[in-house]
There are 2 protein chains.
Amino acid sequence: MSSRTRGPATDTPRTGRRPGGGSTRAEILRAARELFAERGYEGATMRAIAAEAGVDAALVVHFFGSKAGLLEAAVEWPFDPEVEMPKLLADGRRNVGRRLADLFVTTWDEEGTRNPILTLIRAAATEPQAAALLSEFLSRRLYTPLMDRLAVDRAELRAELAVSQLVGLGMARYVLRFEPLASAKREEIIDWIAPTLQRYLTGKLP
Amino acid sequence: MSSRTRGPATDTPRTGRRPGGGSTRAEILRAARELFAERGYEGATMRAIAAEAGVDAALVVHFFGSKAGLLEAAVEWPFDPEVEMPKLLADGRRNVGRRLADLFVTTWDEEGTRNPILTLIRAAATEPQAAALLSEFLSRRLYTPLMDRLAVDRAELRAELAVSQLVGLGMARYVLRFEPLASAKREEIIDWIAPTLQRYLTGKLP
């Protein structure tokens, strides 16, 4: 049922062990991304990921050590901070809240729960290793490059408050699918969320 | 290890099947609350809950039908809407954001991940049945009584936006434990979050 999203490698028979090497590793990562997104971190067993990739489970352990190692290798951050930061800050501090809301809502609306940040948020709710990975990714790829450029007091706390609203929106709109929030238009959500992010990132300290 | 939090019922030997009836049911619910909070919804198996309660797993199924049924019976909403709504609205619309932020942050600071709303949020990240239960609880015990009294346009969407910030704060401060957010003082968090909730609940439509 999931083969429709697979590349040409599906022509290879999907049983038995494949020769080691780059393409096998890539195939395991593709299977892991797919099953983590479909079933969540706990639901996607190593055995199921190996079967989806057409390899022995032992080979998955050989390449990635553990399920947490596989998660870390499989999650691809959905945007490049070097590309996005200049866009977020195109007007300096002004509109950074709106641009950040737009970046997340647009990416999530397009990718839904297949988005790797949502995969990580769902996994992090129950798995400390996934929580640590999410925190490290957010910090390295989002907060730190953004807050370095904004140069405000209490930068880390501000960034985490903004992330708390984004995580909550991700949960409520895309994972829990609360209605009418889940069906509201993208522009309406951005209009509501943007001033919150703007205040957290650049507003007066309370 | 968990017996320190148990009541006098622990004097009863904890092996074998107990006589059916009210106290056995109550003991299963106590065990379920404890293990759901400690291990999450997926981590707390029916078998482990039965063992903690000192009963056969079959008896848990007999009383509650399924794990989802047990979750629904075990989760106690941490406040009574009939008691809290008049307090939230003590100044009418004014300060409802601050009072709501205070209610959640104070309850969560005191109870941490043992708080049933956080248990439900964590479970809901991966379990559709828990997500439905969380949505139904929030609607019946929080949104509907609150928004009926506020009488604003787009009441449901406003309530869900407020909940999205609260869910995100719950995740970031108490589950993911992002720092410095997790260690920030309660009053500082309330000061940051209150204007967000106030705008979502009573602010001008964008």
Side-chain angles (χ1 to χ4, degrees), chain A residues 39-43 118-128 130-132 134-135 138-139 143 154-173 175-184 187-197 199-200 203 205-206, chain B residues 39-43 118-128 130-132 134-135 138-139 143 154-173 175-184 187-197 199-200 203 205-206:
Chain A
R39 306 184 189 174
Y41 179 74
E42 288 193 67
L118 290 175
T119 299
L120 268 184
I121 290 171
R122 293 167 68 203
T126 48
E127 287 295 318
L134 176 64
S135 176
L138 285 169
S139 170
Y143 306 177
R154 304 285 277 148
E156 279 183 301
L157 181 66
R158 289 170 178 276
E160 288 174 358
L161 286 162
V163 164
S164 82
Q165 174 61 87
L166 290 170
V167 165
L169 180 69
M171 288 282 290
R173 179 169 163 95
V175 178
L176 309 177
R177 300 198 58 75
F178 289 160
E179 287 294 355
L181 185 69
S183 301
E187 294 70 26
E188 183 173 17
I189 299 297
I190 294 170
D191 283 345
W192 277 110
I193 299 293
T196 300
L197 300 182
R199 184 170 60 82
Y200 291 158
L205 290 174
Chain B
R39 304 183 190 176
Y41 180 73
E42 288 194 65
L118 290 175
T119 299
L120 267 185
I121 291 172
R122 293 167 69 203
T126 49
E127 286 296 318
L134 176 64
S135 175
L138 284 169
S139 169
Y143 306 178
R154 303 285 275 149
E156 280 184 299
L157 181 67
R158 290 170 177 275
E160 289 174 0
L161 286 162
V163 164
S164 81
Q165 175 61 89
L166 290 169
V167 164
L169 180 69
M171 287 283 290
R173 179 167 162 96
V175 177
L176 309 177
R177 300 198 58 74
F178 289 159
E179 289 293 354
L181 185 68
S183 300
E187 294 71 24
E188 184 174 15
I189 298 297
I190 294 170
D191 283 345
W192 277 109
I193 299 293
T196 300
L197 300 182
R199 184 170 60 82
Y200 291 159
L205 290 174

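We name chains A, B, ... by the order of the sequence lines, and we start the count at 1 in each one.
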For the interface with chain B, which of A/Gln165, A/Arg158, A/Met171, A/Glu188 has the highest count of heavy-atom pairs at distances below 4.5 Å? A/Gln165
Taking all atoms of both residues into account, what is the closest heavy-atom pair of A/Ile189 and A/Ala184, and its distance? CD1-CB, 3.8 Å
Just give me the residue among A/Thr126, A/Leu157, A/Val175 that pairs up with chain B most often, heavy atom to heavy atom, under 4.5 Å. A/Leu157
Ranked by heavy-atom pairs below 4.5 Å to chain B, first place among A/Asp191, A/Val167, A/Leu181 goes to A/Leu181
Measuring heavy-atom distances to chain A, does B/Ala172 have an atom under 4.5 Å in its side chain, in its backbone, in both, or in neither? side chain
The interface call for B/Pro195 against chain A, heavy-atom contacts under 4.5 Å, is both
At a heavy-atom distance under 4.5 Å, which candidate from B/Ala159, B/Ala131, B/Pro180, B/Gly43 has the highest pair count against chain A? B/Pro180
Is the side chain of A/Ser135 donor-acceptor paired with the backbone N or O of A/Ala132 at a distance under 3.5 Å, no angle test? no
Hey, what do you get for CZ (A/Arg122) to CZ (A/Arg39), rounding to the nearest 0.5 Å? 12.5 Å
Is there a side-chain contact between A/Leu161 and B/Ile193, using heavy atoms and a 4.5 Å cut-off? yes
Would you mind checking which part of B/Leu118 comes under 4.5 Å of any heavy atom in chain A, side chain (CB onward), backbone (N, CA, C, O), both or neither? neither
Portion of A/Arg177 that has a non-hydrogen atom of chain B nearer than 4.5 angstrom: neither
What part of A/Leu166 lies closer than 4.5 angstrom to a heavy atom of chain B: side chain, backbone, both or neither? neither
I'd like to know which of A/Gly170, A/Ala194, A/Gly203, A/Ser164 tops the heavy-atom pair count under 4.5 Å against chain B. A/Ser164
Going by the rule salt bridge (charged side-chain N to carboxylate O under 4.0 Å, His left out), which residues pair with B/Glu156 if we only count those two or more places apart in sequence or in a different chain? none
Is a donor on one side and an acceptor on the other found under 3.5 Å between the side chain of A/Arg199 and the backbone of B/Trp192? yes
Checking heavy atoms, do the side chain of A/Ala124, its backbone, both or neither come under 4.5 Å from chain B? both
Counterpart residues, salt bridge (charged side-chain N to carboxylate O under 4.0 Å, His left out), relative to A/Arg173 (two or more places apart): A/Asp109
Below 4.5 Å from any heavy atom of chain B, which atoms of A/Tyr200 appear? Answer side chain, backbone, both or neither. both
